[in-house]
Structure formats: C-alpha cells, structure tokens
Amino acid sequence: MTISAEPIIYGLIFVAILVLVEGLYLTVFGKSISLNNKVNRRLELLEKGAGREQVLEQLRKEMSQHMKSKSIPLYSILASKAQKANIAFTPPQLIMVMAALGVMAFIGLTVGTGASVQIRAGVAAAMGIGGVYVWINNKAKKRMALLEEQLPDAVELMVRSLRVGHPFSSAIAIVAKEVPDPLGTEMGMISDEAAYGRDMGETLKHMAERMDMQDMRFLAVAVTIQQTAGGNLAEILDGLAKVIRARFKLFRRVKAITAEAKWSGMFLSVFPLLALVGINVIQPDYYDDVRETSVFIPAALVVAAFLTVNVIVMKTLVNIKV
C-alpha cells in the first residue's frame, strides 16, 4: 500500500500562507493593529507624537480605501470584508501580498509535490487569493463581533457622562479614551470629526453604513432625532442601551441553540471531502478500476451536486433571522 503525502502538503502550505500573512501584518503595523490591545490604536498613534489632524487623516484613509478600490479586478470580492476588518494594508499592498504568497505557494508545491506546472500555478494562485480572503474574512468576523459586544457598554458610559453634566461630544471623547479597540478608535474618529465641525449625527450614520451595523444605526437615529426635536438624550440612550443589550443576548441565545445544528451541518458537508482525501492518501489507486469507465465523470458530477445542495440546505436551516 502506497501512501501519498501530497494532500497533506497542500494543507500545510495553505496553513503556512495564513501564518505568513498574519505575521507580515503584525510586523508592518505592530501591536497597535491588534484587536486585543488595551490601548486603542488612535491613542497609540497620538502618543507617538503624531498630530490629531494627521492621525485622523490616516485612520480615515485606512477605513475608506477599500471600498474606493472595488473597480480593481478580483479586488471587489475582498473590498467589503477588508473595510469591515479595517485592514491597514492599502489595496495595492494587498494585491502584492497575494502575488507574493502565490509565488511562495508555487515554490512549496514545486518542492513538495510532483504535479504539473499548470496545476501548480493554478493551485498557487488560488492559495494566494484564497489565503488572503480567509484571513480578511476571519478578521472581519472577529472585529464585527467585538464591536457589537462593546457597543452596549459604550452607550451606557455615554449615559453616565451625560447624567453628570457632560455634553454629548465630551461623552464620545470619554468613550474614545476608555474603550479599547475596535470601538475606541472608531469613536475617537467621530470625536475628532465633530471637533472639526462635522455633524455628530451624520458622522455616526456614516460609521453605521460603513460597518453595516444595525445597532449603530439605532444610535445615529437617536442622536439625530434629539438634535432636531430635543429631549433628554441620556434617557433616550439609556433605553437604547437596554435594547441593544437585549438584542445581543438574543443573538447569543440563538447562536447557542443553533450551534449543534451548525456543527452537524459542517460535519456532514466536510466529511465526504475528508473521506475522499483519506482514500487518496491511504490508497491512491483506489479508483483506478472505474476511472476510465463512461459513468465515472457523470457520477462524480452528481456527487458534487448533492454535496453543494447539502451545504446550501444545511446553511438555510440554521440561518435564523432575528
């Protein structure tokens, strides 16, 4: 029995690509770019001696550059995720990273496998683009989850600041100093833009649209209504904080209820592929007797179609709208 190590090599090279892109990102931008950093990135940039206007300009450029580059071929699939993840790499830099990772993957495939040049080139290109996409997607999910978790506490901090007599702009500035990333830097930008004359409600609305956050839209609407119609903003935000926290608890409860079904669906979707890889690793000639028959390709296509339908059905069953 001959065991082929090529599938394992493919997997190891893809994992190496994810590690490389994360290491490169942290090397270029340092710990200030990390989401778990206690001091938010805006404050770190200010502490390094950069002026307030310079820091605001840099952060605004980072947060808007990706959607402005959607016209770049192949980059449109990354633009929305990259904006939500607030990737500090510029679009050209990300494209260069994809190309560099693709070259490294090609070298690894050349050394570790015996595939043809065309296959190695195609797989290397897919790994370079796919690795960066998976990395950005994970960053976006993690950042959006942290934003949703931090927002109720931030609104409650605003309420306490308003009740002791601070204006709303000062309450935003306090949140920008006290709350870690990612929300701390976002609120710091709102505070800076308001200081330079931009309307606070408009700034909050722009952030909500950029991040596609429903709870942030609620905050923007509440502030805008109070600015136009008046009222006790502290009481309005206190009620909003309770609503946001209740929504967050409901999302967590739904997530816990559907966790078993999601893992079952993932297992049922991935297991046939793992079984196929295992068969090819343990016994590469397992399908040799039927590979040349007329029904092999149609049967393989039918199986692939069933697997695709299975993934769609499983995802639909556990995608509960709240």
Side-chain angles (χ1 to χ4, degrees), residues 1-22 72-81 94-138 141 258-319:
M1 180 177 64
T2 304
I3 297 179
S4 174
E6 285 196 5
I8 299 175
I9 293 173
Y10 283 110
L12 290 176
I13 291 174
F14 188 74
V15 172
I17 285 175
L18 296 178
V19 174
L20 279 172
V21 68
E22 177 69 17
I72 299 176
L74 294 179
Y75 193 76
S76 58
I77 60 175
L78 297 172
S80 178
K81 296 289 185 182
L94 270 179
I95 293 172
M96 290 173 61
V97 168
M98 284 189 271
L101 292 175
V103 171
M104 292 180 184
F106 182 81
I107 294 172
L109 292 170
T110 302
V111 174
T113 68
S116 63
V117 177
Q118 293 84 354
I119 293 177
R120 293 201 305 270
V123 172
M127 284 187 174
I129 298 172
V132 172
Y133 179 83
V134 170
W135 174 72
I136 290 176
N137 188 48
N138 289 338
K141 286 183 177 179
T258 60
E260 182 180 355
K262 286 182 178 179
W263 279 104
S264 298
M266 187 182 300
F267 175 79
L268 292 174
S269 301
V270 173
F271 178 75
L273 300 177
L274 294 178
L276 180 62
V277 172
I279 289 172
N280 280 278
V281 169
I282 297 172
Q283 193 171 350
D285 58 348
Y286 184 80
Y287 294 104
D288 286 354
D289 294 337
V290 296
R291 187 171 295 170
E292 302 301 328
T293 61
S294 59
V295 297
F296 181 76
I297 298 298
L301 292 175
V302 169
V303 171
F306 275 122
L307 285 175
T308 303
V309 172
N310 169 72
V311 172
I312 296 172
V313 171
M314 288 294 179
K315 189 171 183 179
T316 304
L317 289 175
V318 297
N319 186 22

[X] versus [Y], closest heavy-atom pair with distance:
X      : Y      : result
Gly131 : Ile17  : CA-CG2, 4.1 Å
Thr316 : Ile312 : OG1-O, 2.7 Å
Asn310 : Ser269 : ND2-OG, 3.0 Å
Ala124 : Gly102 : CB-O, 3.3 Å

With rounding to the nearest 0.5 Å, note down the distance linking [atom1] in [X] to [atom2] in [Y].
X      : Y      : atom1 : atom2 : value
Leu20  : Ile13  : CG    : CD1   : 11.5 Å
Leu307 : Leu273 : CG    : CG    : 6.0 Å
Leu101 : Leu18  : CG    : CG    : 9.0 Å
Glu22  : Asn138 : CD    : CG    : 9.5 Å
Leu274 : Ile279 : CG    : CD1   : 11.0 Å
Ile136 : Lys81  : CD1   : NZ    : 10.5 Å

Inset, instruction - Taking side chain to side chain donor-acceptor pair (under 3.5 Å) as the test, write out the residues that go with Thr113, two or more places apart. - result: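 Thr113: no side chain to side chain donor-acceptor pair (under 3.5 Å) contacts found.
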Legend entry - Pair listing, ring-ring contact (aromatic ring centres under 6.0 Å, His included) test, anchored in residues 296-316, at least two apart: none
Legend entry - Listed once per pair and sorted, the ring-ring contact (aromatic ring centres under 6.0 Å, His included) pairs that draw on residues 96-138, sequence neighbours left out: Tyr25-Trp135
Inset, instruction - Could you tell me whether the side chain of Val21 reaches within less than 4.5 Å of the side chain of Met98, counting heavy atoms only? - result: no
